[in-house]
There are 2 protein chains.
Amino acid sequence: MRGWCRDFQRSCRAAGIRVTAQRLAVYEALAADGAHPTADALYTRLARVMPGLSRTTVYRVLDSLERRGLIRRVSSTAGVARFDARPEAHQHLVCRVCGAIVDVSLPTFRRLGVPRGPLPRFVAEHVEVQVVGRCAACHGQDAGGDPGTGT
Amino acid sequence: MRGWCRDFQRSCRAAGIRVTAQRLAVYEALAADGAHPTADALYTRLARVMPGLSRTTVYRVLDSLERRGLIRRVSSTAGVARFDARPEAHQHLVCRVCGAIVDVSLPTFRRLGVPRGPLPRFVAEHVEVQVVGRCAACHGQDAGGDPGTGT
DNA sequence: CTAAGTGCAAAGCATTTGCAGGCTT
DNA sequence: AAGCCTGCAAATGCTTTGCACTTAG
């Protein structure tokens, strides 16, 4: 219940960025949320406990952490950015209607790493696997609506 | 050089949507472009040959085709929507800096289909595999800039 | 004929940027 | 002390919506 904090501070120093209350807060909130929150979701949650926090800062913090590889921006079919602090390899179920993202661990993909073959002028960093479809709430529609909350 | 047209018309009828000049044009332009163009890129290209075409229409056409499954919205880490008309299974190299998407065919993933295991209240439609990293133009930066054009 | 599709202009959100302080190092 | 970070407000950029007209079926 305290380890992540020291680890995170170490990571920040190693990455050459300063340890600020905002970075700590955003990282903790993200790590505690398994639903791949959006920047705005994190802001809303944090603003309650950290008045004065700016939405801009949340965006900037997420951006800087992603640049140093401390968190990931998960790719999605919806237009809003979603983030992930979980380092372990896992796959995503993404609903093409409401954009919800759920973690899964599919044995078939579990041990597939970054392909070692010659990639055309490209530096591979990691592989993302997404099962695209429709979640329970969105089953029935073809797409376009927003029946689920996506959380 | 004419087959796609009749096939597309048939698909539209089967999907219950009308065959219009705009739909034909957008679909043809998308199918002819291997770079996973954005809605705006398609609009710009088409506006030259089809004056009066509206950007709104391009968005709406892409949306309706995606809803019926005639094309796909490819998931990406960047904020702009990119589309794909290629039905064959393939994987994507996505640059996390400039958002460029390149097709690849990785033997390891080639024959991996939608997992048949019990997915938690989810209707799986297809699987997407992305190798995230940095393209040649963006190598050197950590992220954030826009050195490449992404096309 | 009639409902789906289109164009235009304006609105809507998510995200970014400029600038003046504030706080980590 | 120096410069990275933050907050605020305004700007940007992609995408959607309202409305009246057009056109495929």
Side-chain angles (χ1 to χ4, degrees), chain A residues 8-27 36-44 46-47 50-68 73-74 76-83 97-99 142-146 150, chain B residues 8-27 36-44 46-47 50-68 70 73-74 76-83 97-99 142-146 149-150:
Chain A
F8 180 70
Q9 299 193 17
R10 219 187 322 272
S11 301
C12 284
R13 299 238 164 69
I17 58 178
R18 295 182 177 172
V19 180
T20 65
Q22 289 87 339
R23 279 215 246 262
L24 248 358
V26 169
Y27 182 83
H36 312 287
T38 62
D40 201 69
L42 288 169
Y43 167 72
T44 306
L46 288 170
M50 196 177 201
L53 173 67
S54 160
R55 202 185 309 266
T56 305
T57 297
V58 175
Y59 277 99
R60 276 197 278 234
V61 165
L62 289 169
D63 209 57
S64 70
L65 296 184
E66 195 231 344
R67 270 142 78 155
R68 320 301 157 119
R73 185 184 298 262
V74 337
S76 124
T77 185
V80 259
R82 285 166 171 277
F83 298 84
V97 180
C98 71
D142 38 35
D146 190 6
Chain B
F8 180 70
Q9 298 194 18
R10 219 187 322 272
S11 301
C12 283
R13 298 235 165 69
I17 58 177
R18 294 180 180 174
V19 180
T20 66
Q22 290 86 339
R23 281 213 245 262
L24 248 358
V26 169
Y27 182 82
H36 312 286
T38 61
D40 201 70
L42 289 170
Y43 167 71
T44 306
L46 288 170
M50 195 176 202
L53 172 67
S54 160
R55 200 185 311 267
T56 305
T57 298
V58 175
Y59 277 99
R60 277 196 278 234
V61 165
L62 290 169
D63 210 56
S64 71
L65 296 185
E66 195 232 343
R67 271 142 77 156
R68 321 302 158 118
L70 302 198
R73 186 184 297 263
V74 336
S76 124
T77 186
V80 259
R82 287 167 168 277
F83 298 85
V97 180
C98 71
D142 39 35
D146 190 7
T149 60

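Heavy atoms only: backbone and side chains are in, while hydrogens, waters and symmetry mates are out. Lettering follows sequence order; numbering is per chain, from 1.
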Quick one: what's the B/S/- string for nucleotides 15-25 of chain D, heavy-atom cutoff under 4.0 Å, read 5' to 3'? BBBB-----BS
My understanding is that only residues two or more places apart in sequence, or in another chain, count here; which of them pass ring-ring contact (aromatic ring centres under 6.0 Å, His included) with B:Y59? none
Would you indicate whether the side-chain heavy atoms of A:L42 and A:V61 approach each other to under 4.5 Å? no
Can you name the residues that form a side chain to side chain contact (heavy atoms under 4.5 Å, CB included) with A:T44, not counting sequence neighbours? A:D40
Contacted region of DNA chain C by chain A, from 5' end to 3' end of the hits, cut-off under 4.0 Å to heavy atoms, spans C:dA14 to C:dT25
Which atom of B:S76 lies closest to which atom of B:A78, heavy atoms considered: OG-N, 2.9 Å
Among residues at least two apart in sequence or on other chains, which ones pass ring-ring contact (aromatic ring centres under 6.0 Å, His included) with B:F8? B:Y27
Less than 4.5 Å apart, any side-chain heavy atom of A:R73 and any of A:L62? no
Which pairs would a plain distance check flag for residues 12-24 of chain B, meaning a side-chain donor or acceptor within less than 3.5 Å of a matching protein atom at least two apart in sequence or in another chain?
| residue | atom | partner | partner atom | Å |
| --- | --- | --- | --- | --- |
| B:T20 | OG1 | B:R23 | N | 3.1 |
| B:R23 | NE | B:R18 | O | 2.8 |
| B:R23 | NH1 | B:S64 | OG | 3.0 |
| B:R23 | NH2 | B:R18 | O | 3.3 |

